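Remarks on the structure that follows.
Model, not experiment: these values are computed from the prediction. Just the heavy atoms: all of them, side chains too, but no hydrogens, waters or symmetry mates, feed the values below.
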Amino acid sequence: MQAVILAAGRGKRMKHLTNSQPKPMLQVNGLPILEYKIRILPKTIEEIIFIIGYCGEHIMNHFGKSFEGRPIRYVFQTRLNGTGGAVHLAKSLIKDRFLVMMGDDLYHKRDVKSMLKYDLAVLAKEDDNPSNFGVLKTNRRGYLIDIVEKPKQPKERLVNTAMYVLNKKFFNYELVPIGNGEYGLPQTLAVMAAEHPVKVVKATFWHPITSSGDLEKAEEIIHKLY
């Protein structure tokens, strides 16, 4: 199985911290964020595909052609056209089922294993401010019905953590445009869910890093990943 890690963006909200390096390479207790992501992957993940862009050479120079026994491939996203566009760049390299992770979010090792039990899945976490995220609607069996991006008055509290298990059937669906020339992975997955069951797995841990404050907080809680 393969893991596709989206790491093409700069992370403008980090301001000067990303003047010369991509956000996923910012350090938490002396290690790049991306290293923590790789270290929580189970052995069933045999290859990593990085989607890189801004200062991508930093990622390539650090990880090389393999890291801790796993071969690594790189795909450049020269036009930032959303998460859907990013995943499609890896289409020719994908063999079957694959894991998708954001390069700047921290997840728990146990949650990754839980995700891999399903053919198609999305990781979700209850949040007190769901209107800041994509909110997931599920049926009684816990399968995806829809994803509503930043609703003003959401009834549900389950939000999208942007980790997915997909398969090659995903590429049969036309990418859903979300504005500004971008195409959304979750929005496309919601369309796919009408024909293929997508399990919504509840996370035990999720720490998105969107600001310097989140980075500082990560140093305090990084031990919770394992």
Side-chain angles (χ1 to χ4, degrees), residues 5-18 22-24 26 28-29 33-34 36-37 40 80 82-84 86-87 99-112 114-115 118 120-166 176-180 182-191 193 198-226:
I5 301 178
L6 308 188
R10 171 176 176 172
K12 292 181 179 179
R13 280 182 281 186
M14 290 294 184
K15 300 179 179 179
H16 69 281
L17 295 177
T18 55
K23 185 167 68 167
L26 293 177
V28 176
N29 290 346
I33 295 171
L34 287 177
Y36 291 104
K37 306 184 75 61
I40 65 168
L80 297 180
T83 52
V87 169
L99 181 73
V100 178
M101 308 170 77
M102 299 300 108
D104 50 6
D105 285 12
L106 296 174
Y107 305 99
H108 197 284
K109 184 175 184 177
R110 182 168 58 247
D111 293 334
V112 179
S114 296
M115 292 276 288
Y118 302 94
L120 295 165
V122 55
L123 188 69
K125 187 83 166 63
E126 289 195 357
D127 193 276
D128 293 333
N129 297 296
S131 58
N132 293 330
F133 305 97
V135 176
L136 305 183
K137 293 184 178 181
T138 65
N139 62 21
R140 292 182 179 180
R141 297 173 56 234
Y143 285 86
L144 181 66
I145 295 176
D146 197 9
I147 300 177
V148 181
E149 197 66 31
K150 297 182 179 180
K152 292 183 179 180
Q153 295 180 326
K155 295 180 180 179
E156 295 84 3
R157 296 178 61 244
L158 270 182
V159 304
N160 179 19
T161 72
M163 181 160 70
Y164 314 89
V165 173
L166 305 177
V176 175
I178 57 174
N180 298 319
E182 295 190 2
Y183 298 89
L185 188 165
Q187 291 79 9
T188 306
L189 182 61
V191 173
V198 178
K199 181 65 175 179
V200 176
V201 177
K202 293 185 179 181
T204 57
F205 175 90
W206 172 51
H207 183 65
I209 298 177
T210 58
S211 67
S212 57
D214 294 330
L215 193 65
E216 293 173 3
K217 181 67 175 178
E219 296 192 343
E220 301 173 11
I221 63 174
I222 197 69
H223 64 281
K224 295 182 180 181
L225 295 186
Y226 305 100

Exercise: identify the closest heavy-atom pair between [X] and [Y]:
X: Pro186; Y: Asn160; answer: CB-ND2, 3.7 Å
X: Pro130; Y: Asp127; answer: CD-O, 3.3 Å
X: Thr210; Y: Lys23; answer: CA-NZ, 3.9 Å
X: Pro151; Y: Ser131; answer: O-CB, 3.0 Å
X: Gly103; Y: Leu34; answer: O-CD2, 3.7 Å
X: Ala190; Y: Asp146; answer: CB-OD1, 3.8 Å

For [X], I'd like to know if atom [atom1] has over 12 heavy atoms of other residues, nucleotides or ligands within 6.0 Å.
X: Arg157; atom1: CZ; value: yes
X: His223; atom1: NE2; value: yes
X: Asn180; atom1: CG; value: no

Measuring only between side-chain heavy atoms, which start at C-beta, is [X] closer than 4.5 Å to [Y]?
X: Ile33; Y: Leu215; answer: yes
X: Ile145; Y: Thr138; answer: no
X: Leu6; Y: Thr83; answer: yes
X: Tyr118; Y: Val122; answer: no
X: Leu136; Y: Ile147; answer: yes
X: Leu166; Y: Leu189; answer: yes
X: Asp105; Y: Met163; answer: no
X: Met101; Y: Ile40; answer: yes

ring-ring contact (aromatic ring centres under 6.0 Å, His included) with Phe133: which residues, sequence neighbours excluded?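 Expected list: Trp206.
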Check the pair Val87 / Tyr164 against side-chain contact (heavy atoms from CB on, under 4.5 Å), numbers first and verdict last. CA-CA 11 Å; Val87 169; Tyr164 314 89; over 6 Å; no
Once you round to the nearest 0.5 Å, how far does [atom1] of [X] lie from [atom2] of [Y]?
X: Met102; Y: Tyr107; atom1: CE; atom2: OH; answer: 6.0 Å
X: Arg13; Y: Asp104; atom1: CZ; atom2: CG; answer: 9.5 Å
X: His108; Y: His207; atom1: NE2; atom2: NE2; answer: 14.5 Å
X: Lys202; Y: Asp111; atom1: NZ; atom2: CG; answer: 12.5 Å
X: Lys224; Y: Thr204; atom1: NZ; atom2: OG1; answer: 11.0 Å
X: Lys137; Y: Leu144; atom1: NZ; atom2: CG; answer: 11.0 Å

Distance-only side-chain donor-acceptor flag, Asp214 / Ser211, under 3.5 Å: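 Distance-only check passes for Asp214 and Ser211.
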Main-chain N/O of Ser212 paired with Lys15 side-chain donor or acceptor, under 3.5 Å: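 Side chain of Lys15 to backbone of Ser212, a donor-acceptor pair under 3.5 Å: no, none is there.
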State whether the side chain of Asn29 and the backbone N or O of Glu219 hold a donor-acceptor pair below 3.5 Å, judged by distance alone.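 Yes, Asn29 side chain to Glu219 backbone: donor-acceptor pair under 3.5 Å.
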Run Leu26 and Met14 through side-chain contact (heavy atoms from CB on, under 4.5 Å) and show every step you take. CA-CA 10 Å; Leu26 293 177; Met14 290 294 184; 4.0 Å; yes
